Amino acid sequence: MRVEDFRGEAARVIARHAELESDAVERMLTVPPKPDMGDFAFPCFTLAKKLRKAPPAIAKEIAEKAAGDLELLRGAQALGGYVNLSVDRTRYAEAVLREAVSAGEAYGCSRDGAGHTIAIDYSSPNIAKPFHVGHLRSTIIGGALVRIFEALGYKVVGINHVGDWGTQFGRQIVGLKRFGRPEDADDLMSLNRLYVKFHEEADGAPELVEEAREWFRRQEAGDEVALALWRRIRDTSLDYFKRIYERLGVRFDSYTGESFFNDKMDAVIEEAHAKGLATVSEGALIIDLSAEGIDTPALLEKADGTTLYLTRDVAAARYRHDTYGCDRIVYVVASGQSLHFRQLFTVLKLLGHPWAKDCVHVNFGLVQGMSTRKGNVIYLEELLDEARERALAYMRGEIEKRLVLEDEETVAEAVGIAAIFFADLSKQRIKDYRFDWDLAISFDGDTGPYLMSAHARIAGILRNCGLDPDPDADVAPLVEPEAHRLVSLVARYPDVLREAGRLYEPSVLANYLLELARGLHASYAVLRVKGEDAGKAQARLLLFTAVKQVLHSGLTILGIQSLERM
RNA sequence: GCGCCCGUAGUGAAAAGGACAUCACGAGGGUCUCCGGAACCCUAAGUCCAGGUUCGAUUCCUGGCGGGCGCACCA
C-alpha cells in the first residue's frame, strides 16, 4: 500500500462508473476546499453535456455506484456537481507516515530529473563594488531553485556570472594609483574607500575619467601591468564575496565571470557574419530582430569595436551548453532585463542553436524599502548585521517563555537571515514588494522565524515528552481531524516540490510550509504526547516526527536553518 | 509615444477556468494550570472599472484606469 494508491483507486472507481479512462479521471481529480468534505473530488460538469443531465444528478449516480466498490477509500458522496471521496484515514496515515519516516531526510525528493542537467545563473554581482542589496533577490531565489531542482533529482550547475570586467576596474586602478598605497589592493575596505574617492575627485576632473578609460583599454589590449592590477583587485573582491556567500549559505559550482569569455567572443561575431545575420548600423554591428517581433536590434559590437553584454552572454550560453551538456539554462535575473533575454534567446536561435528554446529567464520584481536604520541604499553586510541585531532585540523583548540559550547571537544570525530570505521567497517572484523589518522579523505571521519556531517546538516535544520514539508505532490512535489534516499535508510535500520546480517558484514551497506550521499549531493542544497512554503518545510522536522532517527539509531548501532550540 | 509586467479586505499574500474567494498581520472580542503562550477560537472587512467567451471567470479575451520596468553602443 503506497500513498499514490489512494488517488489511484479514486481514479479507477470513478472511471469505471463514469465510463471514462482512468488517466483522464486522474487528471481531473481535485481536492475539496474543506477537509471534512473529503480527500479527492471529481467534478461532473464536463460530463453534463455528453450525458445531457444536470451535474448534481450525475454526481449522485456515480457516488451511489462507487460507494459499494471501495477498498482504500471509505466514502463516496455527491455534493453539488462533485463526487467527493474520502480515504480510510488509518490506512492513509499508515501509508503516508511509514513512507515519510522511512525515507527520512530524502522524503519529498524524487528522481524526476534523473539524467538531466540544469545550469542556473544567479547572483552574478558586479564585483568591483561591495555586495549591494540589489543582487540579494537573485541570490536568494536562485539558491532556492538550485536546491529545489536537486531535490527533484536533476544535476544542477550553479553559476555565478560575476561582473569582473569593465570600465569600473579602470576607475578602481586610478583610485589605487592616485590616492592609495600598493598594499591597498589586497584589502577590500581600502579599495571601496578609494573607489569612492575616485568618484569624488573625478567630479571636477574629467582627466581622471579619461585615465580610467585608458587603463581599461590597456586591460582589453592585454597589457600585463594593467592585467596584473586587475587580477589583484579581482581576487580581493572575490574573496570578500565568497565570505558573504558563506554567511548566506550559498554555494556555486562555477565563477566563470565576464572576463572568462573575453577570448570567446570573436567566434560569436564570426558566426553571426557567416550566417549573414550581422549588419552595420550607425557604426555598430547589430542583428536586426524586427522579423522576430523585437524592435530593438541586438548589438554585438559598439562603433569603437568593443563588445557588449549581449555578445558575452551568447558566448557564455554556448560555453555552458558545451561544457556541462545541460539541457536547460536558467537565468535568475530581475524583470528589468526581460528585453535583453528575449534578444539573447532569439539570437541563439538565429545562430542555429535548437537548445535556445530551453533557455529560461526566471524574472523577478523589485524590492523597495530594503535599507538600514542609517537609511540610504545599503550594502548587504550592513543589512545582515542589522537583521541579527533586530532578531536579538525581538527575542529578548517579545518572547515570553523563551529558552535560555548560550548561543543567542548565533541563533539571532540565523533568525535574521530567515526573516530576510522568507520575506522574499514567500511572495511570487514576479511581483514587486516592499520590505518591512517588523513584518519580516516577527515570530507571528507569515515569516521565516515563525516557521523556525514551529520546528523548534516539535523538537521541544520530542525532547521533553520522556519517550523514545518508536518508528513502527501503530497509527490507529490518530483519529482526530487535526491529525488527518497533518497527514494530508505531509502527503502533499513531494508534489509541492514538483510544482515549485515546474513554475520556478519557491513561493509555492514557502506557502506550503506556512500551511504545515499552522496545521501543527492548530493540533498542538489536541494532540498531546506527554501524559497520554503509550499507544496514543507513540502514534502522535510518529506524526510529529514526519512533520518535523518536512519542515526541516523545506526550510533547508529555502536556505533557512531549522534549529532544535531557539 | 511604443513594448513587457503587476492590480484580490487597512496591510502582506493564496486560489491549473470550479463548490460559500483562503490565510496571515493589524483591529475588536474570547479560551486554556500551556510537552515551548513563539498557541488556539470567534467577529468585522475584499477580486480596479466596462464589456466579452463559458454551464461556471480573481483566473482567459478586448478596451479603459492606476502602478512598475524597459525601449542600440552601460551591465
Side-chain angles (χ1 to χ4, degrees), chain A residues 27 30 32-34 37 41 43 45-46 48-49 54-55 79-82 84 124 126 161 163 165-168 258 281-286 293-310 312-313 334-340 342-343 363 365-366 368 394-395 398-403 423 426-428 430-434 436 438-440 442-447 449-450 452-454 456-467 499 502-503 507-508 510-511 514-515 518 520-532 537 540-541 544 565-566:
Chain A
R27 276 194 300 276
T30 61
K34 283 181 183 155
M37 295 165 89
F45 305 98
T46 46
K49 228 175 222 168
L79 191 60
Y82 292 87
N84 289 335
S124 306
N126 190 334
H161 189 65
W165 196 255
T167 333
Q168 69 271 25
E258 299 182 353
S281 164
E282 297 172 31
L285 190 69
I286 66 157
I294 302 173
D295 293 335
T296 313
L299 260 80
L300 296 181
E301 254 180 27
K302 297 192 250 184
D304 66 7
T306 54
T307 51
L308 284 137
Y309 185 35
L310 187 87
R312 213 173 288 268
D313 269 1
S335 292
Q337 308 285 320
S338 292
L339 177 61
H340 167 76
R342 275 178 65 209
Q343 291 180 318
N363 57 348
L366 252 53
Q368 278 127 26
Y394 186 93
M395 286 157 57
E398 302 288 327
I399 309 299
E400 285 174 36
K401 277 185 71 173
R402 91 195 142 91
L403 300 181
S426 59
K427 291 156 188 71
Q428 286 189 12
I430 192 85
K431 293 190 182 176
D432 296 347
Y433 77 97
R434 169 159 288 279
D436 181 309
D438 294 330
L439 251 42
S442 168
F443 282 44
D444 292 322
D446 297 348
T447 70
Y450 170 78
M452 292 175 78
S453 78
R457 211 172 177 194
I458 303 181
I461 293 173
L462 292 169
R463 201 166 47 233
N464 298 323
C465 66
L467 288 171
E499 184 73 354
R502 189 175 72 80
L503 300 172
S507 69
V508 169
N511 287 312
L514 284 173
E515 224 182 300
R518 267 184 238 119
L520 172 76
H521 282 135
S523 74
Y524 177 73
V526 182
L527 303 179
R528 294 189 51 80
V529 176
K530 202 175 183 177
E532 299 290 330
R540 290 172 182 178
L541 272 184
F544 285 145
R565 298 167 201 260
M566 57 186 286

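So that the names make sense, note that chain A is the first sequence line, chain B the second, and so on, each numbered from 1. Hydrogens, waters and symmetry mates are skipped; everything else that's a heavy atom, side chains included, is used. Predicted model only: the values in this text are computed from it and were never measured.
Contact check, A:Lys431 against B:A14: a side-chain N or O comes under 4.0 Å of OP1 or OP2. Applying the 4.0 Å criterion to OP1 and OP2 of B:A14, one finds that A:Gln428 has a side-chain N or O inside that range.
Across all strands shown, A:Leu527 has heavy atoms under 4.0 Å from base atoms, whether or not it also approaches the sugar-phosphate. Among the atoms of the strands shown, base atoms are found under 4.0 Å from some heavy atom of A:Ile461. Among the heavy atoms of the strands, none lies under 4.0 Å from A:Asn126. Here A:Pro33 lies in heavy-atom contact (under 4.0 Å) with a base. Across all strands, A:Ala525 comes closer than 4.0 Å to no nucleic acid atom at all (heavy-atom distances). Across all strands, A:Ser338 comes closer than 4.0 Å to no nucleic acid atom at all (heavy-atom distances). When heavy atoms are screened at a 4.0 angstrom cut-off, A:Pro55 is found touching no nucleic acid atom at all. No contact: A:Arg434 has no heavy atom under 4.0 Å from any strand. As judged by a 4.0 angstrom heavy-atom cut-off over every strand, A:Met395 is placed among residues making no nucleic acid contact. As judged by a 4.0 angstrom heavy-atom cut-off over every strand, A:Met37 is placed among the base-contacting residues. Within the nucleic acid shown, A:Glu282 comes within 4.0 Å of at least one base atom, counting heavy atoms only. Among the atoms of the strands shown, base atoms are found under 4.0 Å from some heavy atom of A:Asn84. Nucleic acid contact class of A:Ala41 (heavy atoms, under 4.0 Å, all strands): base. Contacts of A:Ser281 with the nucleic acid, taken as non-hydrogen atoms under 4.0 Å apart, include base atoms.
Of the charged side-chain nitrogens involved, none lies within less than 4.0 Å of a carboxylate oxygen, so that A:Glu515 and A:Arg518 do not count as a salt-bridged pair.
Taking the side chain as every heavy atom from C-beta outward, A:His521 and A:Arg457 approach each other to under 4.5 Å. Side-chain contact between A:Leu339 and A:Ile294 is present, with heavy atoms from C-beta onward closer than 4.5 Å. A:Ile430 places a side-chain heavy atom less than 4.5 Å from the side chain of A:Asn363. Using a 4.5 Å heavy-atom threshold, the side chains of A:Asn84 and A:Pro32 count as touching.
Picking from B:A24, B:C25, B:A75 the nucleotide with the shortest atom distance to the side chain of A:Arg518 gives B:A24. Comparing B:C35, B:A72, B:C69 by their closest approach to the side chain of A:Val529 singles out B:C35. With distances taken from any side-chain atom of A:Arg457 to the nucleotides B:A19, B:A39, B:C69, the minimum falls on B:A39. The side chain of A:Tyr524 has B:C35 as its nearest neighbour among B:C25, B:A72, B:C35. In this structure, the nucleotide among B:C34, B:A72, B:C40 sitting nearest to the side chain of A:Arg528 is B:C34. Closest to the side chain of A:Leu299, out of B:A13, B:C35, B:A72, is B:A72. The side chain of A:Phe45 lies closest to B:C55, out of B:C74, B:A19, B:C55. With B:A75, B:A72, B:C40 as the choices, the nucleotide that has an atom nearest any side-chain atom of A:Tyr450 turns out to be B:C40.
Atom name C1', nucleotides B:U33 and B:G26: the rounded distance is 30 Å, in whole Å. The separation of B:U8 from B:C42, taken at their P atoms, amounts to 26 Å, rounded to a whole angstrom. Atom name C1', nucleotides B:C48 and B:G7: the rounded distance is 7 Å, in whole Å. Rounded to whole Å, the C1' atom of B:A24 lies 30 Å from the corresponding atom of B:C65. Separating the P atom of B:G3 from that of B:A72 is a span of 16 Å, rounded to the nearest Å. A gap of 31 Å separates the P atoms of B:C4 and B:G10, to the nearest Å. Taking atom C1' in both B:A21 and B:A13, one finds a spacing of 13 Å when rounded to whole Å. Remark: the separation of the P atoms in B:U58 and B:C49 is 11 Å, to the nearest Å.
Between the P atom of B:C71 and the CD1 atom of A:Ile294 lies a distance of 14 Å, rounded to the nearest Å. Atoms CG (A:Leu308) and P (B:C74) sit 7 Å apart, rounded to a whole Å. In this structure, A:Glu258 places its CD atom 14 Å from P of B:C74, rounding to the nearest Å. Atom P of nucleotide B:A75 and atom CD of A:Gln337 are separated by 11 Å, given to the nearest angstrom. A straight line from CD of A:Glu301 to P of B:A75 spans 13 Å, rounded to a whole angstrom. Atom CG in A:Leu439 sits roughly 13 Å away from atom C1' in B:G10 (whole-Å rounding). At whole-Å resolution of the value, CG in A:Asp432 and P in B:G12 are 12 Å apart.
In terms of polar N and O atoms assigned as donor or acceptor, the side chain of A:Asp295 never comes within less than 3.5 Å of the base of B:A72 in a complementary pairing. Judged by atom type and distance alone, A:Asp446 reaches the base of B:G12 through a side-chain donor-acceptor pair under 3.5 Å.
With 3.5 Å as the limit, one finds no donor-acceptor pair spanning the side chains of A:Asp444 and A:Ser442.
With rounding to the nearest 0.5 angstrom, the CG atom of A:Asn126 is 4.0 Å from the CD atom of A:Gln168. From A:Gln337, atom CD reaches atom CG of A:Asp313 across 9.0 Å, with rounding to the nearest 0.5 Å.
When Watson-Crick and G-U wobble pairs are counted only if both distances are under 3.5 Å, B:A45 pairs with no nucleotide at all. As the counterpart of B:G12, B:C23 is assigned, both hydrogen-bonding distances of the Watson-Crick or G-U wobble pattern falling under 3.5 Å. Base-pair partner of B:U62: B:A50 (Watson-Crick or G-U wobble, both distances under 3.5 Å). Both distances falling under 3.5 Å, in either a Watson-Crick or a G-U wobble arrangement, occur for no nucleotide opposite B:G17. Pair check for B:A57 finds none; no Watson-Crick or G-U wobble contact set falls under 3.5 Å. Remark: B:C34 base-pairs with no nucleotide in the shown strands. Criterion, Watson-Crick or G-U wobble with two distances under 3.5 Å. B:C4: Watson-Crick or G-U partner is B:G68, with both key distances under 3.5 Å.
Two residues, A:Ser335 and A:Ser442, neighbour RNA chain B, and the one matched to the more 5' nucleotide by heavy-atom proximity is A:Ser442. Between A:Leu339 and A:Arg463, the residue anchored nearer the 5' end of RNA chain B, judged by the nucleotide with its closest heavy atom, is A:Arg463.
Of all heavy-atom pairs between A:Glu301 and A:Ala284, the closest is O-CB, 3.3 Å.
The number of heavy atoms from other shown groups lying within 6.0 Å of CZ (A:Arg565) does not exceed 12.
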